[in-house]
**Student:** 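Have a look at this one.
Nothing fancy with the numbering, it's 1 onward along the sequence. Just so you know, ligand 1 is whichever comes first in the structure, and atom 1 is the first atom listed for that ligand.
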Amino acid sequence: MPLHIQTPLIESRPLSDRTGHSVWLKMEIAQPSGSFKARGIGYACEEYFRRGAKRFISSSGGNAGLAVAFAGRNLSVPVVIVVPETASKRARELMAREGAEVIIQGKSLSEANAFARSLVQPEDAFLHPFDDPLIWTGHASIIDEIVDTGPKPDVIVLSVGGGGLLCGVIEGLNRNEWQDVPIIAVETQGADSFAQALNAGALVELPRISSIATTLGASAVCRQALEYSRKHRIGSVVLPDKLAVSACMQFLRDHDAVVEPACGVALAAVYERVPALSGYKKVLIIVCGGVSTTVDQLQEWSAVMQ
Ligand SMILES: *Cc1c(COP(=O)(O)O)cnc(C)c1O
């Protein structure tokens, strides 16, 4: 039994009417842990458990930690999660509610990550939020489901933090012989580690994360994301936080669902009809979800970003 569910794939009337594309939504927000992380992290946790892991350790800005906590509870494996100071109180509470021990340490994901690694004992499994081939293989099930239920999209729009989702989607496209489907990788300004790596042709370490989309706040993407960019057609789009938040608000009105700005930025690329999308008919957005944001928080951000 996998630790994720098969999510709905729906054609969005509001988004299609507004943009002129045929817009399809893969609703990862419906996962039990509130984001697509349930797939890759769930798969990795099951695999490490099968190999004999007695405890799961993770560092995470929120949704990855929550997915580990969820997996640990379901597999009856104790979980320790180290989060940076930037992680939301809400995400920390949700992880604790899943029975995980939550430790706050470090100013950034990479500092929390270093501390989490220092805790790892020989019988523990360390779950990286995005840089692990098992996680990519687990995320790839998103594409298996789309292949099963169709239709084949002309382009896939997704958010990039550390690039785990991107690598999983490309692995899924490859294993289903859909390599010809291009990807638009969207980030917020101030968390654009993938765009900067593409520009530099090498991994770039961001000195700090200045976006409210802390879920996208990996200071560098995984190497595999950059390698895939040399083989797979990937367009890069970077948008300001303000557009990510207004897309979250519009999505709430259109589909009655609350998503994080980390997800809103992918929606914003479509709502704003970025030039990278012109010419495509069937546009599929991975509605990656996220539990760290509330309606109140979205309204607060909207008010200050006017
Ligand atoms: C983790 C996450 C991302 C970014 O995924 P990466 O694999 O780090 O690129 C985007 N949105 C949400 C909601 C997430 O939980």
**Student:** Counting only heavy atoms closer than 4.0 Å, does ligand 1 sit against the backbone of H139, its side chain, both, or neither?
**Tutor:** neither
**Student:** Run the numbers for me: atoms of ligand 1, each under 4.0 Å from some heavy atom of N63, listed by number.
**Tutor:** 13 (C), 14 (C), 15 (O)
**Student:** Which ligand 1 atoms, with their elements, are less than 4.0 angstrom from a heavy-atom of G164?
**Tutor:** 6 (P), 7 (O), 9 (O)
**Student:** Are Y280 and L25 connected into the same hydrophobic cluster when the rule is that any two of I, L, V, M, F, W, Y join if their side-chain heavy atoms are below 4.5 Å apart?
**Tutor:** yes
**Student:** Please determine whether any non-hydrogen atom of G289 lies less than 4.0 Å from an atom of ligand 1.
**Tutor:**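 So G289 counts as touching ligand 1.
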**Student:** Just heavy atoms, cut-off under 4.0 Å: does L166 contact ligand 1 by side chain, backbone, both, or neither?
**Tutor:** neither
**Student:** Is the closest heavy atom of A218 to ligand 1 under 4.0 Å?
**Tutor:**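 Distance cut 4.0 Å: A218 fails for ligand 1.
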**Student:** Tell me the ring-ring contact (aromatic ring centres under 6.0 Å, His included) pairs involving residues 219-253, sequence neighbours left out?
**Tutor:**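 Counting only pairs at least two positions apart or across chains, the ring-ring contact (aromatic ring centres under 6.0 Å, His included) contacts touching residues 219-253 are F251-H255.
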**Student:** Give the atoms of ligand 1, by number and element, whose distance to some non-hydrogen atom of G162 is under 4.0 Å.
**Tutor:**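 This gives 6 (P), 8 (O), 9 (O) as the contact atoms.
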**Student:** May I ask you to check if ligand 1 and P129 share an N or O to N or O distance below 3.5 Å?
**Tutor:** no
**Student:** Assess the side chains of N113 and S59: does a donor N or O sit below 3.5 Å from an acceptor N or O?
**Tutor:** yes
**Student:** Looking only at protein heavy atoms, which one is nearest to atom 12 (C) of ligand 1, and how far off is it?
**Tutor:** T215 CG2, 3.6 Å
**Student:** Atoms of ligand 1 less than 4.0 Å from A262 heavy atoms?
**Tutor:**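 Those atoms are 11 (N).
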**Student:** Do any N/O atoms on F130 end up under 3.5 angstrom from N/O atoms on ligand 1?
**Tutor:** no
**Student:** Should you measure from each heavy atom of V160, which atoms of ligand 1 turn up under 4.0 Å away?
**Tutor:**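 Near V160, the atoms of ligand 1 are 9 (O).
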**Student:** Sequence neighbours excluded and cut-off under 3.5 Å, please list the side-chain donor-acceptor pairs for residues 236-243, or say none.
**Tutor:**
unit_1: D241; atom_1: OD1; unit_2: S211; atom_2: OG; d: 2.7
unit_1: D241; atom_1: OD2; unit_2: I212; atom_2: N; d: 2.8
unit_1: K242; atom_1: NZ; unit_2: M305; atom_2: O; d: 3.0

**Student:** Going by the order shown, which atoms of ligand 1 are within less than 4.0 Å of some heavy atom of G290?
**Tutor:** 13 (C)
**Student:** Do other residues, nucleotides or ligands put more than 12 heavy atoms under 6.0 Å from R175 CZ?
**Tutor:**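 Yes, CZ of R175 has more than 12 neighbouring heavy atoms, counting only those of other groups under 6.0 Å.
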